[in-house]
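Below is one structure, written out as structure tokens; comments come after it.
Keep in mind that what you see is a predicted model, and the values were worked out from it rather than measured. Chain letters run A, B, ... following the sequence lines, proteins first and then strands; every chain starts at 1.
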2 protein chains.
Amino acid sequence: MVGQPVSRRERYRAETREEAKGIALRQLAEGGTGAVSLNAIGKEMGITGPALYRYFASRDALLTEIIIDAYSDLAAATEVVAARQGDDVAPQERLRALAEVIRAWALTQPHRYLLLYGTPVPGYVAPDDTVPLARRVLVPFLDALSALPVMGAIPGSRLAVLEAQLATWVRATDPHMVGPVFRRGLVWWTRLHGLISLEVEGHFASMGFDPALLYDTEIDALLDG
Amino acid sequence: MVGQPVSRRERYRAETREEAKGIALRQLAEGGTGAVSLNAIGKEMGITGPALYRYFASRDALLTEIIIDAYSDLAAATEVVAARQGDDVAPQERLRALAEVIRAWALTQPHRYLLLYGTPVPGYVAPDDTVPLARRVLVPFLDALSALPVMGAIPGSRLAVLEAQLATWVRATDPHMVGPVFRRGLVWWTRLHGLISLEVEGHFASMGFDPALLYDTEIDALLDG
DNA sequence: GTGCTTGTGTTAGAATATCTAACAAATGGA
DNA sequence: TCCATTTGTTAGATATTCTAACACAAGCAC
């Protein structure tokens, strides 16, 4: 975590960058990505607009940085939970805790969740760069899933084919990982994302049910399957 | 479908509106919502920017209209499938066909899908207005699910509570609908959306598996559960 | 046909945005 | 002390949305 010996200048620079990102985050929360404006940030910080271009190459660069920060923040949240729940805790409980922490994270900062998993705005982080970032969030899930008993797919079935596809790719990136586990990780990801995404976007609004309850029933289903 | 006797003027007006919306759709596909510009549309149509304000109250109004069109287009797609698959077709097959048509629709026009189910951009359609629109897409699913044997939830279980919550709300909007069916509709919605959303946003890129296969296995799981 | 109302387009302009270029000033090390 | 680097400034090109004021044309009543 400790970097190079930072000069006074570098410290000030880092501070200004952080302050700018903080304001940008607030703008994002208030009006979406479209509301993030280098000019307005500068004005709020007491400097002119173009001055900020010394700190961020462009508006897109700023947004890209915010996205990467969000990824690493979410990943850190899952890792904290994973660390707290040691190996003695049943994998089912670990998975449930992980799922809950992701939803909680998303609900407290919806705009940030949508920055990661909502509509990708052209010009920001290249899709290829997001895969490793997204993977980091998934890793604690995969660890817990590894501790679960694996039931083999029927040879020749759709599941088996899919797991074979995943196995070949997965072996290249992580030798310990196996197809079936990764497949289940994918399923967890897509199902939880579907729930969180629709809730955060307000699609459940005024439908008179408790999204947390739906979420929990789906976790149940994931653990049963 | 036939409206009032349209005057020559109204016809021209409708045509220009359609032309503008068509260009907006193309801009959307090319660069996301941010790339939709009344000025640019006007230029392309051979008129000045402000002239378009005779046809659309604002940029937001144009986008709102595009969103509503997309909803009704997607709903129409599901309704066509539902109509084609008569009551003699097994509900399982109808559900599968419905699921496939939604994914196909989303893949051929990702930007439009994300307009409906991606990050909501502030200023556009109010969340309350989207609920009935989204519901219309769901209705064919609910119809098919109704034809499926209902297995009761264990009294007092999470599922039972959730279904009770849904029943009260659902009774008000559609007397024929019951809690368990609607609950299953919700599950279908969230799971399919999670899959489609991540695929369309490119999160599966370079992961070396066939998204269609994953999609089909999840349909299998939905039909089994 | 004459003339009025309505609709449709124009230009001009205010406000805001990104981003570049040229210049000024402050900071920090040799 | 001097010089290079960093950080800030203003000015400007170009784009956006949207309003206001004005010109023209199309449609309808008489």
Side-chain angles (χ1 to χ4, degrees), chain A residues 3-67 121-125, chain B residues 3-67 121-125:
Chain A
Q4 277 75 33
V6 283
S7 72
R8 169 180 251 81
R9 262 204 178 140
E10 281 168 9
R11 238 180 23 238
Y12 275 126
R13 184 175 177 81
E15 268 175 40
T16 341
R17 285 174 62 86
E18 283 313 307
E19 186 185 351
K21 288 204 274 186
I23 297 174
L25 226 49
R26 215 206 48 226
Q27 293 180 330
L28 184 73
E30 285 167 0
T33 53
V36 175
S37 155
L38 281 183
N39 255 343
I41 293 172
K43 188 174 291 179
E44 191 163 328
M45 291 175 64
I47 61 181
T48 61
L52 273 178
Y53 282 80
R54 302 282 181 197
Y55 297 89
F56 302 96
S58 69
R59 184 175 168 274
D60 279 5
L62 168 61
L63 281 173
T64 297
E65 221 165 297
I66 288 180
I67 291 176
V121 193
Y124 312 155
V125 229
Chain B
Q4 277 73 35
V6 284
S7 72
R8 170 181 253 80
R9 264 207 177 138
E10 281 168 8
R11 236 179 27 237
Y12 276 126
R13 184 177 176 79
E15 267 176 39
T16 15
R17 284 174 61 85
E18 283 311 308
E19 186 183 352
K21 288 205 273 185
I23 298 175
L25 227 50
R26 214 205 49 224
Q27 292 180 331
L28 185 73
E30 287 168 358
T33 53
V36 175
S37 155
L38 281 183
N39 254 344
I41 293 172
K43 187 174 292 179
E44 192 163 326
M45 291 175 65
I47 62 181
T48 61
L52 273 178
Y53 282 80
R54 302 281 181 199
Y55 297 89
F56 302 96
S58 67
R59 184 174 168 275
D60 279 5
L62 168 62
L63 281 172
T64 297
E65 220 164 297
I66 288 180
I67 290 176
V121 192
Y124 313 152
V125 228

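- Counting all heavy atoms, side chain and backbone alike, B:Ala24 lies closest to B:Ile66 at CB-CD1, 3.5 Å.
- Taking 4.0 Å as the cutoff to heavy atoms of chain B, we find the contact window on DNA chain C bounded by C:dT6 to C:dA12.
- In this structure, CG on B:Leu52 lies 4.0 Å from CD1 on B:Ile47, to the nearest 0.5 angstrom.
- With rounding to the nearest 0.5 Å, the separation of CD1 in B:Ile23 from CD in B:Glu18 is 11.5 Å.
- Sorted by first and then second residue, the side chain to side chain donor-acceptor pair (under 3.5 Å) pairs involving residues 54-67 of chain A (not counting sequence neighbours) are A:Arg17-A:Glu65, A:Lys21-A:Glu65, A:Arg59-A:Tyr124.
- Interface residues of residues 52-61 of chain A facing DNA chain C, ordered by number: A:Tyr53, A:Arg54, A:Ser58, A:Arg59; criterion, heavy-atom separation under 4.0 Å.
- Among residues two or more places apart in sequence or in another chain, the side-chain contact (heavy atoms from CB on, under 4.5 Å) test is passed with A:Ala29 by A:His111.
- Among residues two or more places apart in sequence or in another chain, the side-chain contact (heavy atoms from CB on, under 4.5 Å) test is passed with B:Ala14 by none.
- For DNA chain C, the residues of residues 33-50 of chain B within the heavy-atom distance limit of 4.0 Å (strictly under) are B:Ile47, B:Thr48, B:Pro50, sorted by number.
- Within the 4.5 Å cutoff, the side chain of A:Leu62 has heavy atoms near those of the A:Ile41 side chain.
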Between protein and nucleic acid, restricted to nucleotides 24-30 of chain D and to nitrogen or oxygen atoms under 3.5 Å apart, what atom pairs and distances do you find?
| from | atom 1 | to | atom 2 | distance (Å) |
| --- | --- | --- | --- | --- |
| D:dA26 | N3 | B:Arg9 | NH2 | 3.2 |

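- Atom OH of residue B:Tyr53 and atom CG of residue B:Leu38 lie 4.5 Å apart, to the nearest 0.5 angstrom.
- Minimum heavy-atom separation, A:Gly31 to B:Pro122: O-CG, 3.2 Å.
- The side chain to side chain donor-acceptor pair (under 3.5 Å) contacts involving residues 24-40 of chain B comprise B:Arg26-B:Glu30, B:Arg26-B:Glu44, where partners must be two or more places apart or lie in separate chains.
- Partners of B:Tyr12 according to the side-chain contact (heavy atoms from CB on, under 4.5 Å) rule, which considers only residues two or more places apart in sequence or in another chain, are B:Arg8, B:Glu15.
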